[in-house]
Each structure stands twice: as structure tokens, then as C-alpha cells.
Enquirer: 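Quick one: the structure is below, and I'll ask about it shortly.
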Amino acid sequence: MSLIVVLNGPNLNLLGSREPSIYGRVTWAEVRERLQHIAEERGVEIEFFQSNHEGAIIDFIQGLSGRANGLIINPGALTHYSYSLHDALMGSEIPAIELHLSNIYAREEWRARSVVSPAARGVIAGLGALGYELAMEAMLGIIEASQG
Ligand code: DQA
């Protein structure tokens with residue numbers, strides 16, 4: 001059975017209560033519940049990981065090689081400066097979808113640059129928590145296509 005991993009970076013454990021006017025009121029627990037449901041319906045395994053620590057995220061991604069078929073990642077602020085995250089994604093060779101709840105292109109100037117995007121198959125931004133479900137749908141398609 002295929003395994004899709006959903007990874008949230010720094011501060012995203014506070015989803016639902018952190019700046020709700022920007023990130024919405026849906027909690028990380030609710031996101032996990034919705035995706036778990038989709039995974040069960042579509043016959044794939046799903047695993048979740050959240051960390052506020054860059055190194056823990058890199059270690060986790062390294063451990064996915066040969067195990068995960070797809071990665072959906074909201075890197076939080078690591079998006080804008082973490083070359084080690086970029087390199088970990090490149091090294092893993094796992095198709096990754098980069099996801100942001102907010103539209104990073106419509107906010108502060110420094111948010112408009114992602115150093116992670118070149119390592120991602122695609123990017124979803126600005127669609128709130130729905131983005132996780134859309135990313136899931138897209139990832140199911142990517143995995144299906146790779147399996148011929
Ligand atoms: C974010 C956007 C980032 O700029 C920010 O640092 C986050 C969340 C988003 O989901 O919109 O932590 O990735």
C-alpha cells in the first residue's frame with residue numbers, strides 16, 4: 001500500500017489558534033482527521049509529522065527514503081530560508097507538494113520567496129486548510145501515474 005506523509009513545520013502545531021485571520025480556525029488535529037478519512041477512502045496509508053525544529057524535520061525526511069511514496073509539506077517559515085530543507089527534499093527523491101495556507105505572494109516581501117519550491121513537484125498557496133485536501137488529491141494522482 002502506498003504511503004503519503006504530511007509534514008507541518010514550525011508554529012503549525014498552533015493551527016486554529018495562531019493568527020486565525022491569516023491561517024484560519026481549522027486545527028492541525030482537524031486537518032489530520034480529514035486527511036485520514038480521505039486516505040481510508042482511497043486505500044492509501046497516511047502518516048503525519050509536525051516539528052518546530054529544522055534538524056528534526058531533516059532527520060525525519062531522510063528516514064522517509066524508500067518508505068514513503070509522496071510528501072505533502074507545509075514548511076512554515078523554513079520555506080523562506082532553509083537550504084537544508086531544500087537539499088533534504090532533493091536527496092529523498094520522494095515527490096513533494098509544498099503547501100501554504102496563506103497566499104505567501106500577497107504578504108510581506110520576504111515571504112514571497114520560497115527556497116523549497118525548486119525541490120517540489122507543485123505548490124499550493126492561499127486556499128487555507130482546503131489546500132491539504134487538494135494536495136492529497138494531487139498526490140494520489142502523482143502516485144497513480146508513477147505506478148503506471
Ligand atoms: C505558511 C506561510 C509562512 O510564511 C509562515 O511562516 C508559516 C505558514 C502558510 O501556511 O501560509 O508558518 O507556510
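In this chain, numbering begins with 1 at the start of the sequence shown. Remember, it's 1-based here, ligands and their atoms both numbered in the order they're listed.
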Enquirer: Are side-chain N/O atoms of Gln50 and Asn52 paired as donor and acceptor at under 3.5 Å?
Expert: yes

Enquirer: Can Asn11 be said to touch ligand 1, with heavy atoms closer than 4.0 Å?
Expert: no

Enquirer: Is the contact between Ile104 and ligand 1 made by the side chain, the backbone, both, or neither, using heavy atoms and a 4.0 Å cut-off?
Expert: side chain

Enquirer: Arg18 near ligand 1, heavy-atom distance under 4.0 Å?
Expert: yes

Enquirer: For ligand 1 and Ala77, I'd like to know whether there is a polar contact (N/O to N/O, distance under 3.5 Å).
Expert: yes

Enquirer: Tell me which protein heavy atom sits closest to atom 11 (O) of ligand 1, plus the residue, atom name and distance to 0.1 Å.
Expert: Ser102 OG, 2.6 Å

Enquirer: Heavy-atom distance under 4.5 Å between the side chains of Asn74 and His100, does that happen here?
Expert: yes

Enquirer: Applying the side-chain contact (heavy atoms from CB on, under 4.5 Å) test to Ile72, which of Ile124, Leu7, Leu99, Asn8 qualifies?
Expert: Leu99

Enquirer: In the structure I gave you, are the side-chain heavy atoms of Val5 and Phe60 within less than 4.5 Å of one another anywhere?
Expert: yes

Enquirer: Starting from atom 9 (C) of ligand 1, locate the nearest protein heavy atom and write down its residue, its atom name and how far away it is, to 0.1 Å.
Expert: Leu101 N, 3.4 Å

Enquirer: What is the closest protein heavy atom to atom 5 (C) of ligand 1, and at what distance does it sit?
Expert: Arg111 NH1, 3.2 Å

Enquirer: Regarding Arg113 and the six-membered ring of Trp110, is the cationic atom NZ or CZ under 6.0 Å from the ring centre and inside 45° of its axis?
Expert: no

Enquirer: Between Glu137, Met136, His37, which is the residue that forms a side-chain contact (heavy atoms from CB on, under 4.5 Å) with Arg42?
Expert: Glu137

Enquirer: Using a strict cut-off of 4.0 Å, indicate which atoms of ligand 1 neighbour a heavy atom of Tyr23.
Expert: 5 (C), 7 (C), 8 (C), 9 (C), 11 (O)

Enquirer: Measure the distance from atom 1 (C) of ligand 1 to every protein heavy atom, then report the residue, atom name and distance (to 0.1 Å) of the closest one.
Expert: His100 ND1, 3.7 Å

Enquirer: Kindly confirm or rule out an N or O of His80 lying under 3.5 angstrom from an N or O of ligand 1.
Expert: yes

Enquirer: For Ala138 and Ile97, work out which heavy atoms get closest and say how close.
Expert: CB-CD1, 3.7 Å

